[in-house]
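None of the values given here were measured: they were computed from a predicted structure. Just so we're on the same page: letters track the sequence lines, and every chain starts at 1.
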2 protein chains.
Amino acid sequence: MLGRVNHVAIAVPDLVAATASYRDTLGAHVSQAQALPEHGVTVVFVELPNTKIELLEPLGADSPIAAFLAKNPGGGMHHICYEVDDILAARDQLASGGARVLGGGEPKIGAHGKPVLFLHPKDFYGTLIELEQV
Amino acid sequence: MLGRVNHVAIAVPDLVAATASYRDTLGAHVSQAQALPEHGVTVVFVELPNTKIELLEPLGADSPIAAFLAKNPGGGMHHICYEVDDILAARDQLASGGARVLGGGEPKIGAHGKPVLFLHPKDFYGTLIELEQV
């Protein structure tokens with residue numbers, strides 16, 4: 001079921017400073033910042049040869065990463081996104097295996113304009129998993 | 001400086017159960033478990049088309065992931081490993097940029113038999129970064 005690692009997301013309290021750190025200290029290519037108010041985040045992509053890192057900063061009052069940053073004020077690894085061919089088939093297979101699909105199990109359109117689902121981190125050893133149909 | 005994401009490491013309290021979860025529930029190809037007593041871990045690789053996930057379980061009394069699991073008993077994302085061409089040049093560039101290189105700054109031979117260094121997570125927004133010369 002799991003395909004490529006589409007991205008690893010890192011929540012940060014200061015996107016400008018984190019972007020400078022990846023660009024200047026670590027020498028990586030970084031994108032312009034994109035505000036995604038419908039997702040409650042501002043995002044910068046760190047482009048690597050085989051995948052990308054998403055730096056996420058909360059945007060707005062109901063950001064989905066606000067609670068994570070309250071618990072981890074300095075930032076931290078937030079989730080891993082894997083590509084799948086068929087998100088509904090993946091969901092049904094996971095649910096039949098006992099995994100909890102967040103948000104009622106209906107895919108939403110994610111930050112890349114593709115259908116996504118999130119799986120409960122307690123079912124996967126503390127890792128929040130995003131599935132994205134590509 | 002940063003090249004490919006070589007792996008994302010996830011610390012787990014029960015490697016047999018976590019391996020079964022990635023293989024059977026998530027449908028990924030997983031390796032045999034390898035005990036690496038000199039590194040204080042037992043490791044299983046989840047092989048994906050563009051990178052890999054390393055599932056790590058503590059091995060022995062002085063495992064470097066024991067403290068992480070004491071703080072995160074259910075497991076969690078532990079570090080990201082990036083490939084670099086020249087680990088000594090990378091180290092010197094990072095140190096001149098003010099980043100703290102762990103373990104005195106001398107590369108060690110990592111779990112893949114290649115020279116590695118770790119960077120202080122507080123300098124990179126809560127993410128423990130491993131650099132591996134490939």
request  = Might you work through the side chain to side chain contact (heavy atoms under 4.5 Å, CB included) test for B/T127 and A/I53, ending with a clear yes or no?
outcome  = CA-CA 12 Å; B/T127 300; A/I53 305 296; over 6 Å; no
request  = Under 4.5 Å heavy-atom distance to chain A, tell me which part of B/V8 shows up: side chain, backbone, both or neither.
outcome  = side chain
ask   = For the side chain of A/N50 and the backbone of B/N50, is there at least one donor-acceptor N/O pair under 3.5 Å apart?
value = yes
request  = Below 4.5 Å from any heavy atom of chain B, which atoms of A/L2 appear? Answer side chain, backbone, both or neither.
outcome  = both
task = Compare every heavy atom of A/L48 with every heavy atom of B/G3, then report the nearest pair and how far apart it is.
result = O-CD2, 3.5 Å
message = Please find the pair of heavy atoms, one from A/L26 and one from B/L94, that lie closest to each other, and give the distance.
response = CD2-CD2, 3.8 Å
ask   = Under a 4.5 Å heavy-atom cut-off, does chain A meet the side chain of B/H29, its backbone, both or neither?
value = neither
key: Residue pair A/Y125 / B/D14: nearest heavy atoms and the distance that separates them   = CE2-O, 4.5 Å
ask   = Which bit of A/A17 comes within less than 4.5 Å of chain B, counting heavy atoms only: side chain, backbone, both or neither?
value = both
remark   = With chain A, the option among B/A18, B/P73, B/A99 that has the most non-hydrogen atom pairs under 4.5 Å is B/A18
inquiry  = Please classify the contact of B/N72 with chain A as side chain, backbone, both or neither, using a heavy-atom distance under 4.5 Å.
reply    = neither
ask   = Is chain B contacted by the side chain of A/L55, its backbone, both, or neither, given a heavy-atom distance below 4.5 Å?
value = neither
ask   = How many angstroms lie between atom OG1 of B/T25 and atom CG of A/L119, to the nearest 0.5 angstrom?
value = 10.0 Å
message = I need the residue from B/A28, B/P13, B/P49 with the largest number of non-hydrogen atom pairs under 4.5 Å to chain A.
response = B/P49
